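Small disclaimer: the values here were computed from a predicted structure and weren't measured. Scope of the values below: all heavy atoms of this structure, side chains included, with no hydrogens, waters or symmetry mates. Both counts, for ligands and for their atoms, begin at 1 and track the order of listing.
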Amino acid sequence: MGARFIFIVGGVLSGLGKGIVTSSIGKLLQSYGYKVTAIKIDPYINIDAGTMRPTEHGEVWVTEDGGEIDQDLGNYERFLNRNLPKRNNITTGQIYLSVIKRERALGYNGKNAEVIPDIINEIKDRIRQVEEDNDFVLVEIGGTTGDIQNEVFLYAARELGRENPSIYILVTYLPFLKNVGELKTKPTQQAAALLRATGIVPDFIVTRSDRRLDEPRREKISKQCFIDKEAVIEDPDCETVYEVPLLFKEQNFGKKILAKFGLEPKKDDLGNWTKLIENMKNADKVVKVGVVGKYVAYGDAEHKDVYISVLEAIKHAAAHLKVKPIIEQIQSTRIEEEGTNILRKYDGIVVPGGFGKTGTEGIIETIKFCRENNVPFLGLCYGMQMAVIEFARNVCGLKGANTTENEPDTPCPVIDFMPEQKELIKLKQYGATMRLGAYPAVLKEGTKVRELYGKEFVSERHRHRYEVNPEYIETLEEHGLVFSGTSPNKTLMEFLELPNHRFFIATQAHPEFHSRFEKPAPLFMGFLKACLEMPQQKTLS
Ligand code: GLN
């Protein structure tokens with residue numbers, strides 16, 4: 001028998017956390033002994049998220065096989081504790097591109113290529129591709145009911161549901177109106193009506209709200225949306241997103257879903273997850289981490305999503321170490337204006353990835369501050385490149401050292417294009433052309449990085465065009481910088497560290513993409529342990 005499909009669609013507002021709902025349902029079904037995978041459908045025309053500006057779109061998630069994807073795939077991996085390939089992300093652009101290519105190759109035998117059935121069939125085929133040996137395929141459809149651009153996907157979802165065992169879950173928002181003192185259900189009723197107009201009747205409605213759902217409101221949603229009261233699942237704001245599977249479990253949501261398919265739990269094992277949530281709630285120490293990056297500020301607001309995998313990786317390590325993390329993001333241009341004194345309150349600093357010049361001098365100042373003051377530092381991708389520049393300038397005395405990304409004519413190009421990238425840039429081939437996905441590295445015996453990973457061969461995900469310029473490696477090493485890991489052919493510097501420092505480690509990779517709630521990333525564990533040893537670190541009273 002093929003897989004069963006669970007379609008998750010949104011109503012009322014975007015940004016409700018459908019990804020967390022999807023991931024949490026997946027986690028519950030996993031805990032009942034079923035094999036689960038998840039697909040994200042993004043109705044935009046882009047082929048992938050690779051060319052999107054971080055401040056507009058949030059983080060770009062990188063898959064093991066080098067996909068540059070919407071960050072929801074990251075949530076799925078963090079919850080489900082499994083790798084998902086790039087084909088688990090479908091965009092309107094991909095669908096139309098394949099249909100148009102097939103048409104150009106006479107693939108429609110002289111007939112018209114049409115939205116119905118050709119676009120719909122392409123969507124269905126792509127969804128079916130991931131069935132494999134999974135018991136359930138969760139399909140999250142981006143956007144909200146009523147959007148023009150997700151209509152074809154809803155159509156395809158309805159068709160798949162006619163052909164396979166499937167259910168539909170509508171995630172909506174209940175606003176709390178202060179003047180009447182109650183959660184309002186009307187937008188939910190309208191969202192359900194819009195969904196019904198596509199031929200889909202929801203089996204469950206998940207209600208997001210800032211507080212718990214009371215009985216009269218539950219009753220109203222049930223009556224007005226034609227579903228059982230038990231099929232209304234509440235999802236109020238939680239302290240941490242990792243609590244959502246437990247919240248759903250309390251409401252027997254997983255078992256109710258199984259019952260719709262005529263199934264029962266094969267086991268019931270959420271043990272480790274529950275223990276980690278308890279760790280988070282009973283943390284007895286607090287650790288303060290500063291994340292200094294280029295993309296923190298967004299108008300008057302602060303961007304929440306742009307470094308999401310980094311923030312989550314810190315939280316995962318903290319849950320395992322039973323400490324409460326206080327994480328603050330600092331726009332790196334602030335360091336240029338206000339100096340590094342504002343960093344003194346942190347137990348450790350992370351410098352995440354980035355592109356382009358703005359704010360890089362602030363980042364370099366930040367790294368200098370960490371190096372000179374023995375403050376734990378973890379540099380990720382651009383963070384490693386900036387650490388090399390800082391070391392070259394201030395320790396090796398290479399005045400004006402820089403990356404050719406920001407200063408093509410720098411006198412000391414300590415960071416330079418990877419050779420194969422030059423031609424691509426000349427041809428303006430920017431989409432999906434970086435060094436992407438998982439690559440192996442060999443770790444040097446006796447280094448901190450090797451000790452943290454506990455093995456010689458590791459694999460981490462990447463997304464970059466530049467690298468440490470091989471011509472400068474000797475000089476950097478002579479002055480005390482240790483390259484603790486390289487590509488297997490030793491040409492590419494993958495990890496660096498400073499031996500006489502509390503914790504000064506950086507990597508060309510993005511280890512945050514391998515961090516899961518149940519399996520934290522070794523470098524983040526090491527970093528947080530070092531932060532715990534900082535003098536300003538406090539015990540929770
Ligand atoms: N801009 C740098 C490069 O392309 C770093 C990229 C990153 O931080 N992901 O190499």
Per-atom contacts of ligand 1 with Glu405, taking only distances under 4.0 Å to non-hydrogen atoms
1 (N), 2 (C), 3 (C)
Can you confirm whether the side chains of Arg126 and Gln94 place a donor and an acceptor under 3.5 Å from each other?
yes
Is it the case that the side chains of Tyr76 and Glu140 hold a donor-acceptor pair, with the cut-off being a distance below 3.5 Å and no angle test?
yes
Among non-hydrogen protein atoms, atom 8 (O) of ligand 1 lies closest to Gly354 N, 2.9 Å
Polar contact flag, side-chain donor to acceptor under 3.5 angstrom, Gln149-Thr92
no
Taking atom 4 (O) of ligand 1 as the reference point, the nearest protein heavy atom with its distance
Arg465 N, 3.0 Å
The closest protein heavy-atom partner of atom 9 (N) of ligand 1 is Arg463 O, 2.8 Å
For His510, the ligand 1 atoms with a heavy-atom partner under 4.0 Å come out as 9 (N)
Any idea which part of Met434 is under 4.0 Å from ligand 1, heavy-atom wise: side chain, backbone, both or neither?
neither
So that I know where these two stand, are Phe417 and Tyr466 an aromatic pair - ring centroids less than 6.0 Å apart?
yes
Test Arg435 against every option in His462, Arg465, Glu467, Arg463 by the side-chain contact (heavy atoms from CB on, under 4.5 Å) rule and name the one that passes.
His462
Testing the 3.5 Å rule here: is there a donor-acceptor pair between the side chains of Thr37 and Asn88?
yes
Counting N and O atoms only, with roles assigned by atom type, does the side chain of Asn489 sit under 3.5 Å from a partner on the main chain of Thr491, one being a donor and the other an acceptor?
yes
Is there at least one pair of N or O atoms, one from His464 and one from ligand 1, spaced under 3.5 Å apart?
no
Report, in ascending order of atom number, the atoms of ligand 1 lying under 4.0 Å from any heavy atom of Gly353.
8 (O)
With backbone taken as N, CA, C and O and side chain as the heavy atoms from C-beta onward, which portion of Glu467 lies under 4.0 Å from ligand 1: side chain, backbone, both, or neither?
neither
Thr403 and Asn406 side chains, donor-acceptor separation under 3.5 Å:
no
Would one find an N or O of Gln508, backbone or side chain, under 3.5 Å from an N or O of ligand 1?
no
Top protein contact for atom 7 (C) of ligand 1, by heavy-atom distance
Cys381 SG, 3.0 Å
